[in-house]
Every structure is written in C-alpha cells, then in structure tokens.
Amino acid sequence: MTAPVVLRLEGLTKHFGRIVAVNALSFDVYEGDIFGFLGPNGAGKSTTLYMIAGLVHPTSGRIEVLGRPHTDYRYVRSRVGMLIEIPAFYEHLSARKNLELLARLHGDISPKRIDEVLERVGLLDRATDRVAQFSHGMKQRLGIAQALLHRPQLLLLDEPTSGLDPEGSVSIWKLLRSLVADEKMTVFVSSHLLHEVEENCNRIAVINQGVLVACDEVQKLLFFSKEDYLLMFEDATVRAQAEVFLRSREGVEIFAVAPLDTQAAALLGEDTIWIRTKHGLMSTILTELVEKRMVPRAVIPQRKTLRQFFFELTRRQPAAL
Ligand code: ATP
C-alpha cells in the first residue's frame, strides 16, 4: 500500500523572463520519505523549493501540501518547516533565546517544546552559549531546530550538509532519519552530495534544465531491470568453460570491459567474467553453473552508484561538475 501523499507537484512551471527555470514538473512525495531532490547547478532546484515554500509564485501548475493548495499559506506554514536559505540568527544571543524569539512569532510553543527540540538536534548542553561561538555544523542543527519548533509534518531543506565535515554530515542525516522514524515526518531535501543521498534517501527526483528526468525509489533506479555480477572462478580454465556456456545462454550478456565503474571492476581479469542478466535470472544461472561443475568461487553483485546514474542522466562528465 502506498503511503499518503504529503507533497504533490503538478505541471509546476516558472519562467523568469525568457528563462524557463522549472518546466512542467510533476511528482509526489509520500509520508515517511526522505526524498532527495537532485540536479546540476542551475537545474531549477532552488526555484522549486522557493515555490513550495511560497516565496516565489509559479508561472503555472499546482503545488499541494497534505492535499491542500500551497496558496493556503496559513495552513501550509503550520505544517511545513524549512531551512532553505542560510539560517538567520541573533548571533549575540544564546541558542535557546533565539528559539524563544521564534516561538513568540509562532505564538503557541511551550518552553518544554524548546528544550525538546534542542535535545533532538543535540544542542541542549550548549543551549545557553551564544550562537556566535557555534561551529557551522552547530548552526545548521540550530537552523533545523528552528524549522522543527512548530512540529511540522514536512521538512524542506536546501543542501543541509553543504560545507560540513563528514562527522557533521553524518549527524545531520542521522537526525533526519530519526525524525522520520520517531515523528512520522517527511523530509524533502536538495543536495549535490550524491553519495550522501544514495545512503540516506529512499526516493529521489532528478531535474535537468528545469525538466524532470527521473523519479523513483533509489534502489530501483540504480538496479534498473537488469543485474550485473562479477563471477570469479577457480582458474582461467573453468572461466573459459563457463564463458562458452554463458555466451550461449539466453538472457545473459558478457562484458570484456566492465560496463560500470565499481570497485570490483578492477578485479576483472583472466579468472573472472562480468555478466548482465535479466532481472531475477541469476539464481537459475548459478544452479546451471553448479550442475555443469563450473562453480564460481565468488559472485559479486554490481550496481551503478547514484553518481554514475546522475552523470548519465544529466549527460555530464564528472570532471565538468
Ligand atoms: P544550484 O544548484 O546552482 O543552486 P539550482 O538547481 O538551485 O542551482 P536555480 O537557482 O533554481 O537552480 O536556477 C534555475 C535557473 O533559473 C537558472 O538559469 C537561474 O539563472 C534562473 N533564475 C533563478 N532565479 C532567478 C531570478 N530571480 N531571476 C532570473 N533568473 C533566475
């Protein structure tokens, strides 16, 4: 069963004069998603985020948040938390004081909620320190605390881990995963950090020049409908016998040069074969190899990385980015 739709874009379009920044974008984000929103520089990610946040008016198309049009601003603001620009703080005030001031703007936030949020983002023990003393990572976490204060159901984040060290990034993604798991939140996050998105997001949309070029579960997009394996044999003789069999086997393709740039590609040599099979066929092929006494000593599944997938889709070379 599909989870309820939290965010729906339908034909969303934005023109800036002659520039078409976002072009007929349509996709759904479901409850509990950590949804990665990807695209090269200038693809239209920020413009889309600004439109969802109500900061930029669409030229045409619709945005729905929890089934309501996003022009229902009061409702949307009460359900959406956002960190889509550099978070603004009173640097000379403490973290808690900053949240207290924001709580007054919201109107109905208790002091207990402020402590809860500080704890949630791991800043409770630094709550009375001035923000000016905070590191970049701590400021990001305080920015997320601001976004969380009014218990939103949808969190919009623009590159939340940009500029953070690996430890800082890991702690932000851990926080986001825990918000989804513990508080049934949905996270919509733009990022250029593809390995982080691959590790942490369950679904993604990729846009290029304002147009949607892919949208699905990360695992589905990376595996497609075919499967790649590196088979390692005892020696070159068994490998050669296996190759003769596999070449005649329907549903199998053999590659002399690794078609994917994976770590295991370096192992391709005289006792190994790289095969691509139709989805779900591998167990049958293994049985057949065993029956023919051509038993591989290792079968290493291969798949695209999100980085490769992204470059193929946006037709760019890694070096160009
Ligand atoms: P980046 O990854 O570099 O942040 P992005 O995917 O967020 O890029 P946008 O900032 O949404 O891309 O820009 C999309 C296109 O719209 C670009 O061609 C940009 O120059 C143009 N654009 C964005 N904002 C404006 C504006 N206010 N006026 C005119 N053009 C704009």
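No hydrogens, no waters, no symmetry mates; every other heavy atom, side chains included, goes into these values. In each ligand, atom 1 is the first atom listed, and ligand 1 is the first ligand listed.
Atom numbering of ligand 1 starts at 1 in the shown order; those under 4.0 Å from a heavy atom of Ala43 are 5 (P), 6 (O), 12 (O). Less than 4.0 angstrom separates some heavy atom of Lys45 from each of these atoms of ligand 1: 1 (P), 2 (O), 5 (P), 6 (O), 7 (O), 8 (O), 11 (O), 12 (O). Annotation for ligand 1: atoms under 4.0 Å from non-hydrogen atoms of Pro40 are 6 (O). In summary, the atoms of ligand 1 found under 4.0 Å from a heavy atom of Asn41, numbered by their order in the structure, are 1 (P), 2 (O), 3 (O), 8 (O).
Of the protein's non-hydrogen atoms, the one nearest atom 16 (O) of ligand 1 is Ala21 CB, 3.2 Å. For atom 18 (O) of ligand 1, the nearest protein heavy atom (residue, atom name, distance) is Ile19 CG2, 4.0 Å. Protein heavy atom nearest atom 31 (C) of ligand 1, with residue, atom name and distance: Phe16 CD1, 3.3 Å. Closest to atom 17 (C) of ligand 1 among all protein heavy atoms lies Gly42 O, 3.9 Å. Atom 9 (P) of ligand 1 has its closest protein heavy atom at Thr47 OG1, 3.6 Å.
The aromatic ring centres of Phe27 and Phe35 sit less than 6.0 Å apart.
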Exercise for the section: Evaluate the side-chain contact (heavy atoms from CB on, under 4.5 Å) criterion for residues Phe309 and Arg307: first the C-alpha distance (whole Å), next the side-chain angles of each, then the deciding distance (0.1 Å), finally the verdict. Expected result: CA-CA 5 Å; Phe309 177 71; Arg307 193 176 145 80; over 6 Å; no
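A salt bridge between Arg203 and Asp33 is present, with a side-chain N of the basic residue lying under 4.0 Å from a carboxylate O of the acidic one. Ion pairing between Arg239 and Glu270 fails under the 4.0 Å rule for side-chain N and carboxylate O. Using a cutoff of 4.0 Å between basic side-chain nitrogens and carboxylate oxygens, Arg120 and Glu183 are scored as salt-bridged.
Taking any N or O of His192, backbone or side chain, at least one lies under 3.5 Å from an N or O belonging to ligand 1. Taking any N or O of Gly39, backbone or side chain, none lies under 3.5 Å from an N or O belonging to ligand 1.
Protein heavy atoms are found inside the 4.0 Å sphere centred on atom 29 (C) of ligand 1. Distances from atom 20 (O) of ligand 1 to the protein include no heavy-atom value under 4.0 Å.
Within the structure, the closest approach of Gly44 to ligand 1 falls below 4.0 Å when heavy atoms are considered.
Residues Phe37 and Val206 have side chains not in contact (no heavy-atom distance under 4.5 Å, counting atoms from C-beta outward).
Looking only at atom types and distance, the side chain of Gln153 has no donor-acceptor partner in the side chain of Thr186 under 3.5 Å away. Between Glu199 and Trp173, the side chains place no donor N or O within less than 3.5 Å of an acceptor N or O (distance only, hydrogens not considered).
Dense packing is recorded around OH of Tyr75, with more than 12 heavy atoms of other residues, nucleotides or ligands lying under 6.0 Å away.
Relative to the ring axis of Tyr90, Lys97 does not place its NZ or CZ within 45° and under 6.0 Å from the centre.
The heavy atom nearest to atom 10 (O) of ligand 1, out of those in Ser46, Ser162, Ser191, is found in Ser46.
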